[in-house]
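Keep in mind that what you see is a predicted model, and the values were worked out from it rather than measured. Sequence lines set the chain letters: A, B, ... in the order given, protein chains first and strands last, and positions in each chain run from 1.
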Protein chains: 2
Amino acid sequence: MIAFMARAATTADAFNAVAEPRRRQILDVLAGGERPVNDLVRQLGLAQPQVSKHLRVLREVGVVNVREEGRMRVYRLNGHALKPIHDWVKNYERSWSDRFDQLDVVLVDLRQKEEEGDGNDE
Amino acid sequence: MIAFMARAATTADAFNAVAEPRRRQILDVLAGGERPVNDLVRQLGLAQPQVSKHLRVLREVGVVNVREEGRMRVYRLNGHALKPIHDWVKNYERSWSDRFDQLDVVLVDLRQKEEEGDGNDE
DNA sequence: TTGACATATTCCTATATGGGTATATGATTG
DNA sequence: CAATCATATACCCATATAGGAATATGTCAA
């Protein structure tokens, strides 16, 4: 019986997982190729447990995969899990992209011609 | 003297603000045009205070603007504030877009020709 | 087997919520 | 001015962190 909901879990979805700057940094490093945990620890200057914890979150939402190699675990990016974010934010691209301004011109143009065609009011 | 950092504030940046599903819903509605608070309350089926609180968060990160009109406040989308998210996630598009597969083919091709040109090993 | 290495987990603590409810603030109308 | 409408805030409560430190788990080398 859940009565209170404080805040969505970071493991709820990619949006939450990626809201943390450190985790975005981790992904940015992994974008350059798979890496064992210690490499990430060194490159990010974080403590090892923190990195492991962030990796766990990223794992749970499927943004990264792990592969065991001897005593180390090599993490690899799975960018596909970020697609929902891209798909969502893409719809707002109109707000800043010049490309869409051009598109708008075309659409307005089409609309005018349409209205000229049939005298449909409203 | 800050010793503990629980979790980044939702008002820290657009990433955090948008991590909350309700807030994305609000933005999706506002994408259809500016709306007074009560319209959002009705369309989202949330309590008015919750909507106002979410709007405040969105305001603080600049994703929405307010305009006073009589006794109501009309909220308007400012998609430009979402550009950082788009810019970041765009770099991962390679993972799922076919377009980039084609691009990769071209790049590999260029690389080969380059290597054939001068006998530079490694 | 023992010790060094590489990671993951567990505890502890302060904090930032998000929903629910009640209330404050402001504008509009009678 | 009083009543009403539209919003924003203030409080209370339970929860999910994120970092720090210590410890557990597993693997490899001597």
Nearest-Å distance for atom pair [atom1]/[atom2], residues [X] and [N]:
X: A:F15; N: D:dT17; atom1: CZ; atom2: P; result: 17 Å
X: B:L55; N: C:dT17; atom1: CG; atom2: C1'; result: 17 Å
X: A:N16; N: D:dA18; atom1: CG; atom2: C1'; result: 14 Å
X: B:L46; N: C:dT21; atom1: CG; atom2: P; result: 14 Å
X: B:Q25; N: C:dG19; atom1: CD; atom2: C1'; result: 15 Å
X: A:R67; N: D:dG26; atom1: CZ; atom2: P; result: 20 Å

Under 3.5 Å, is there any donor-acceptor pair linking the side chain of B:E20 to the base of C:dG18? no
Pair of N/O donor and acceptor under 3.5 Å linking D:dA8 base with B:Q48 side chain: yes
Counting only side-chain heavy atoms from C-beta out, which of [options] sits nearest to [X]?
X: A:M72; options: C:dA6, D:dA16, D:dT7; value: C:dA6
X: A:K53; options: D:dT17, D:dA21, C:dA8; value: D:dA21
X: A:R22; options: D:dT9, D:dG19, C:dT7; value: D:dG19

Distance test, side-chain N/O of [X] to OP1/OP2 of [N], below 4.0 Å:
X: A:R56; N: C:dT9; value: yes
X: B:H54; N: C:dT17; value: no
X: B:Y75; N: D:dA6; value: no
X: B:N38; N: D:dT7; value: yes
X: B:T10; N: C:dT17; value: yes

First encountered from the 5' end of DNA chain C, between B:P49 and B:V57: B:V57
Interatomic distance, B:I26 atom CD1 to B:L55 atom CG [nearest 0.5 angstrom]: 4.5 Å
Out of A:L27, A:V18, A:L82, which residue meets the side-chain contact (heavy atoms from CB on, under 4.5 Å) rule with B:V89? A:L82
Would you kindly check if the NZ (Lys) or CZ (Arg) of B:R35 is within the cone defined by 45 degrees around the ring axis of B:Y75 and under 6.0 Å from the six-membered ring centre? no
Checking the side chain of B:N78 only, and the main-chain atoms of B:G62 only, is there a donor and an acceptor separated by less than 3.5 Å? yes
Please determine whether the number of non-hydrogen atoms from other residues, nucleotides or ligands lying under 6.0 Å from atom CZ of A:R76 exceeds 12. no
Taking the side chain as everything from C-beta on, heavy atoms only, tell me whether A:L30 gets closer than 4.5 Å to A:L40. yes
The residue, A:Q50 or B:R59, whose nearest nucleotide of DNA chain D is more 5′ is B:R59
Any luck finding a side-chain donor-acceptor pair between B:H54 and B:R23 under 3.5 Å? yes
Identify each atom pair where a protein N or O and an N or O of nucleotides 25-30 of chain C are less than 3.5 Å apart, giving names and distance.
residue: C:dT28; atom: O4'; partner: B:R71; partner atom: NH1; Å: 3.4

With ring-ring contact (aromatic ring centres under 6.0 Å, His included) as the criterion, how do B:Y92 and B:W88 come out once you've worked through the C-alpha distance, each side chain's angles and the decisive distance to 0.1 Å? CA-CA 8 Å; B:Y92 296 90; B:W88 180 78; 4.9 Å; yes
